[in-house]
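Single-structure report; data block below.
Not measured: the values here are computed from a predicted model.
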Amino acid sequence: MGQPRNPARKPGGLTRAQRLTKRTEFDSILQDADIRLTRFPVRLVAKANTLGFARLGTIVAKRNVRSAVDRNRVRRLLREWFRAHADRFRSYDIVLFVRDYSKPGDQLKATLENVLQDWDRRINKLGT
RNA sequence: AGAGACGGCUAAACGAUCGCUGAUAACACUGAGUUAUUGGAGGAAAGUCCGGGCUCCGUAGGACAAAGUGCCAGGUAACUCCUGGGAAGUGCAAGCUUACGGCAAGUGCCACAGAGAAUAUACCGCCGUGUAAUUCGGUAAGGGUGAAAAGGUGCGGUAAGAGCGCACCGCGAUGGCUGGUAACAGCAUCGGCAUGGUAAACCCCACUUGGAGCAAGACCAAAUAGAGAUCAAAUGACGUGGUCCGUGUCUGAUCUGGGUAGGUCGCUAGAAGUAUUCUUAGAAAUACUCAAGAUGAAUGAUCGUUCUCGACAGAACCCGGCUUAUCGGCCGUCUCUCUUU
């Protein structure tokens, strides 16, 4: 398996290449992360990569979100959020945890907005 | 018209833009991608409670243990499921419910109340006898207690009573007759009636069950280092369903090449669905259809319009059931009550 060279060709897309699919990739990101952000119930862990584009992985534990329908809903919201803002994550691998969820998803969306602001602040500090 | 019973169907609709995923075609080409067309959660996908297919381990043979099932007949790949029937209970009825073999093999349990609770019992009462009086004997008809007091009603009988005797009802028994494939039902005969409940208590009887599960398993294959086959030796250790018998492996020699990360297959054309005929379920015949296949895991987001303002809830190898959750809407058949004619 070579490196995907042509990743986010479509501006609003989210292809297989832009998702984390290996257990080892998850482990390496979680073990030595560059950035960690927490805004309950969302937790973001990120590590710089050399691909030139961002990748996303989500972890929604069955323990925290009991219903399978809700778990799917959370995952879709996260992916949609990542897809909308993929350019702002530059060349980082992102892992998102969600520890709690309750209907409707508006609260989660608001939290994600805050996370995005935190992320911008952090990335600008590092970038300089 | 109202109240109810049973069965079936459905699970907001439409449009636009962006996105994900399978298939097909074209373009392109060795990284793959781009474009177009088209498929993309459920009635329970759930719980994982049963049954099967499929796969491997294995050979399944025996004994014990454990678990399950328990009226009869039929259906099915199979079932603890379904259909029909019987019996019992329940409702005015349509209907609904039932773990529905055996407490006369043994053991255990049955609180409280009550005189007495399983070898029955004499507290009050009733009757007899005796005394100044307490007493003694008979009695289960009456009272009281209780979930339950050892058949019920009537007549006879008696000191008072009692299946003590008789009639009817109930119960039990054996064998007989009739109907039914059978469960069972009806009739006849005999027994004065004898043993309360609990087996979803242990248990007894009859029957059934090899284990693990698609992370099964097969193939391709980096690093690193194993594995398999044949022959010989050994009888202790380890494994094989819980245990035992039984049975397999080890150690050496020879030969063969090897398989973890990752990937591919398994993976959806099937005990399939729909319609018609036939039908108790089912089976059969004919015609038509192909209807998700993901894998850190697709089926979504935003906007607009309409309405009755949207419940429970998300496929993970596949089927048949059961159980549980659920906003509503629609259709059919039937029952009861009321009104009108």
Side-chain angles (χ1 to χ4, degrees):
Chain A
M1 253 188 74
Q3 287 190 341
R5 218 187 278 162
N6 233 352
R9 185 179 284 174
K10 289 191 284 185
L14 184 69
T15 58
R16 175 66 54 78
Q18 287 171 274
R19 301 205 298 267
L20 298 171
T21 55
K22 304 284 191 299
R23 181 172 191 89
T24 50
E25 292 173 344
F26 273 83
D27 288 344
S28 77
I29 292 163
L30 295 180
Q31 270 169 24
D32 47 351
D34 297 330
I35 298 176
R36 293 173 194 273
L37 287 174
T38 306
R39 278 228 178 212
F40 189 82
V42 180
R43 179 174 160 81
L44 183 149
V45 178
K47 184 190 178 190
N49 65 28
T50 58
L51 298 170
F53 57 93
R55 296 192 297 176
L56 173 72
T58 59
I59 297 181
V60 184
K62 198 172 182 178
R63 240 178 60 201
N64 299 324
V65 182
R66 295 297 299 276
S67 161
V69 173
D70 286 346
R71 258 180 282 131
N72 275 340
R73 175 103 187 118
V74 167
R75 207 152 32 222
R76 283 162 186 164
L77 284 173
L78 293 179
R79 288 175 44 156
E80 202 55 41
W81 173 78
F82 180 82
R83 192 168 72 82
H85 307 106
D87 51 327
R88 293 164 76 170
F89 294 104
R90 304 187 183 180
S91 181
Y92 278 90
D93 289 340
I94 311 288
V95 175
L96 286 170
F97 292 82
V98 174
R99 311 279 275 290
D100 191 36
Y101 175 79
S102 59
K103 288 185 248 185
D106 297 344
Q107 201 176 348
L108 183 61
K109 286 186 196 171
T111 310
L112 286 173
E113 281 305 308
N114 291 329
V115 170
L116 194 62
Q117 288 172 15
D118 288 355
W119 169 264
D120 281 345
R121 218 170 299 137
R122 192 72 76 83
I123 205 76
N124 287 331
K125 214 182 285 177
L126 279 174
T128 51

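- Using N1 to N3 plus N6-O4 or O6-N4 for Watson-Crick, or N1-O2 and O6-N3 for G-U wobble, each under 3.5 Å, C334(B) pairs with G4(B).
- The P atoms of U119(B) and A159(B) are separated by 35 Å, rounded to the nearest whole Å.
- Taking atom CG of Leu112(A) as the reference point, atom C1' of A301(B) lies 14 Å away to the nearest angstrom.
- Across all strands shown, the partner of U34(B) is A26(B), judged by Watson-Crick or G-U wobble contacts whose two distances both fall under 3.5 Å.
- The P atoms of G53(B) and C184(B) are separated by 35 Å, rounded to the nearest whole Å.
- Distance check on atom P: U198(B) versus A104(B) gives 11 Å, rounded to whole Å.
- If you measure from atom CZ of Arg75(A) to atom P of A297(B), you get 7 Å, rounded to the nearest angstrom.
- Rounding to whole angstrom units, CZ of residue Phe97(A) and C1' of G296(B) are separated by 12 Å.
- The partner of A218(B), taking Watson-Crick or G-U wobble pairs whose two distances both stay under 3.5 Å, is U264(B).
- Put simply, the side chain of Val42(A) reaches to within 4.5 Å of the side chain of Leu96(A), judged on heavy atoms.
- Taking the P atoms as reference points, U243(B) lies 15 Å from G211(B), given to the whole Å.
- Rounded to the nearest Å, the gap between the C1' atom of G146(B) and that of G197(B) is 14 Å.
- One can place CG of Asn72(A) at 10 Å from C1' of U299(B), the figure rounded to the nearest angstrom.
- Look at U341(B): it lacks any Watson-Crick or wobble partner with both distances under 3.5 angstrom.
- Between Arg79(A) atom CZ and U299(B) atom C1' the separation is 10 Å, expressed in whole Å.
- Remark: C166(B) base-pairs with G154(B). Criterion, Watson-Crick or G-U wobble with two distances under 3.5 Å.
- Look at the P atom in both A291(B) and C29(B): the space between them is 34 Å, to the nearest Å.
- Of the C1' atoms belonging to G165(B) and C177(B), the separation is 32 Å, rounded to the nearest Å.
- Along RNA chain B, the nucleotide nearest Gly57(A) and the nucleotide nearest Val69(A) are compared for position; the residue whose nucleotide lies closer to the 5' end is Gly57(A).
- Between U299(B) and Arg76(A), a contact under 4.0 Å exists linking OP1 or OP2 to a side-chain N or O.
- A 3.5 Å limit on both hydrogen-bonding distances identifies U17(B) as the Watson-Crick or G-U partner of A301(B).
- Rounded to whole Å, the C1' atom of A147(B) lies 33 Å from the corresponding atom of A185(B).
- Distance, Leu56(A) CG to G296(B) C1': 10 Å, rounded to whole Å.
- With both pairing distances under 3.5 Å, A78(B) is matched to nothing as a Watson-Crick or G-U wobble pair.
- In this entry the distance linking CG of Leu96(A) with P of A297(B) reads 12 Å, nearest Å.
- Using a 4.0 Å cut-off between a side-chain N of Lys or Arg and a carboxylate O of Asp or Glu, Arg121(A) and Asp118(A) qualify as a salt bridge.
- Atom-to-atom, CH2 of Trp81(A) to P of G300(B) comes out at 22 Å; the value is rounded to the nearest Å.
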